[in-house]
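Here's the structure we're looking at; comments come further down.
All chains are named by letter (A, B, ...) in the order of the sequence lines, taking the proteins before the strands, and each is independently numbered beginning at 1. All values below come from the heavy atoms of this structure, side chains included, with hydrogens, waters and symmetry mates left out.
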Amino acid sequence: MRVLCVAEKPSISKSISQILSGGQFTTSATRSQFIKNYEFDYPQTNSFYTVTCVSGHLTGSDFPESHRKWNSCDAFELFDAPVETHVASDKKAIEDNLLTQARRADMLMIWTDCDREGEHIGLEIVRVCKRAKRNIVVKRARFSAIIAQQIHHAAQHPVELDRAQADAVEARITLDLKVGAAFTRMQTQILQNHFVQLSEARNVVSYGPCQFPTLGFVVQKWNLVKSFVSEPFWHIHMSLRRNTSSSDGEETVFNWRRGHIFDEDAAVSIYDFVLSDPLARVTKVTKKETKKWKPLPLTTFELQKAGSRLLRLAPKKVLDISEKLYQQGFLSYPRTETDQFDPQFDFHSLIRKQVVDPTWGAFANSLEEGGFAVPRKGKNNDKAHPPIHPTAHAGNLVGDERKVYEFITRRFLACCSKDALGFQTTVDVECGGEFFYATGLLVLERNYLEVYPYDKWVGHEIPEFEEGEEFQPSVCELREGKTSKPSLLTEADLVTLMDKNGIGTDATIAQHIQTIIDRDYVIEKMEGSTKYLIPSKLGIGLIEGYNQIGLNKSVSKPQLRRETERSMVQVCEGTKTKAAMLEETIVQYKEMFIIAKREFEKVISPCSAKFFTPSWTFQFGQIHGFETSVKSTCRLVECNRFFFEASIYPTYSTSE
DNA sequence: GCAAGGTC
């Protein structure tokens, strides 16, 4: 029997060919530069195998010609417009290869990643192949890691393609297209009509169910920083000078168990009580072993966060670099949600490849000589790719590539090492009815910290204390402090928020951040070596505008996307049909669209302008509290502060 | 000139 196997990407088709053929296969080129066909006998199932692949989704969706032009219809009509699906022009060579190979095959076996998108890509492949051979037998290989035993098992026990999962993805594709296009056209057309700046620059004011919540996070933090008012607080500072084994007169600070309090009168009266008691008593001395846990195996999210925070590289940049290193064979597949290694994973041969490195080679060697410990297991597994790890030693990298490779390698070695061990001493003290404590830390074994400088764990010595002893504090003062301003949002914070709230995926999070920057919704600002994200006036305006319109579900918060995700899960489980999901969700967005459009037009209605005189600052706020003022020419397009308590003309710069 | 999701 001739079996045609189709994987989601070139790397997988190659790996499964190597495993199933035991390395004995022939390779032939296709018209697509990256894609090869591999052929071999697979005697275990009496078959002749051809293994090839696609490159992600084969098809793309768009409106038909009748609705594609922006002025061809009212934006609202897009919700009910048909959607066409075609093989994209740059995928024709891949399609041709599938058609040719399918004609020769008796069975089509789908080897796409075992996730929802993979199931949908599988369906795209089936549709193309059935055009070449209508009665081809279709099977699906199910695997959770590229490990010999699993791949053989998958080849010998194929299952059926999961139509429900593919349906859920199809619903999402249609939904995102309709909602995105309808809102984008509506926003853009209304705003361009009124703002010279937008129409001259031909700026698209895009809406997307992922980009808006992402922008929402940036604006929310910005508002928090802007509205921050510092508050004074009080705390009792107690310390004692006493010699330790290594230094004389070391000052030990005892922290107040109450932390700090915001009521000055209360603080003063408590302090008076403490002062009335000249001696502090040690109530307890606790000594115990403590650990600093080694990091979890590396996912794409974590890599992007670390890249931004530790390596000062944008999430998109980190992903691009790791993609390149992967192409060169230095790294495993860089888009993974998995933070647990398979129990059968071959750690040792990978560790041995790092022994030659001048910087961390000695550490790698120490792992091979007894320092090894099985990595911790996280909670995520995408059932398709292992955590990111180095697959070969790369000695000649420079610049950012070197930084990324070094981080990934050190992280992998740290995962294979042991937790750091320490010894912690806590001294509890009572004085005037108040409780204080001091801690000391002695780092016993640094272990993984030796190879992972990104984590800090510094010991500090504490003098000897005995339970029941009394001492007179060297300092006991009531001190005043004030709450400090929260910091702006960093890229790493944003990746964390998106990950937590289910906005985007490992492969798309970086793109969404880039999109809101490209659209001029957000501006990057360097402060020292940290990059902060600040919303532009346009970005603030859009979010604040929508928030004030009073939709019952906010487009700038993660809830709507979460609901879409939940409906997709229901479609996958078979408790909801694809049609029902689309119907429900589209109705909801239609309502929101009607309200949003009405409010947009109301707020910036040109007829309001005739009431303005040159020097007025006008509270136009009865509608949504939007403040509006007009520049001297009194043309609405030259509104200075408009719509969103923000200047939208002549520039979006956010410098205060 | 629109989205988000794959991947190169």
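The salt bridge (charged side-chain N to carboxylate O under 4.0 Å, His left out) analysis of residues 173-199 of chain A, with sequence neighbours excluded, yields the pairs A:R172-A:D176, A:D176-A:R561. Residue pairs meeting the salt bridge (charged side-chain N to carboxylate O under 4.0 Å, His left out) criterion with at least one partner in residues 4-21 of chain A, sequence neighbours excluded, are A:K9-A:D113.
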Classify every nucleotide of nucleotides 1-6 of chain B by which part a protein heavy atom approaches to under 4.0 Å, writing B for the base, S for the sugar-phosphate alone and - for neither, in 5'-to-3' order.
BBBBBB
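By the salt bridge (charged side-chain N to carboxylate O under 4.0 Å, His left out) test, A:D96 pairs with A:R31, sequence neighbours left out. Scored by the side chain to side chain donor-acceptor pair (under 3.5 Å) test, A:T50 finds A:E39 as partners (sequence neighbours excluded). Considering only residues two or more places apart in sequence or on other chains, A:Q588 meets the side chain to side chain donor-acceptor pair (under 3.5 Å) condition with none of them.
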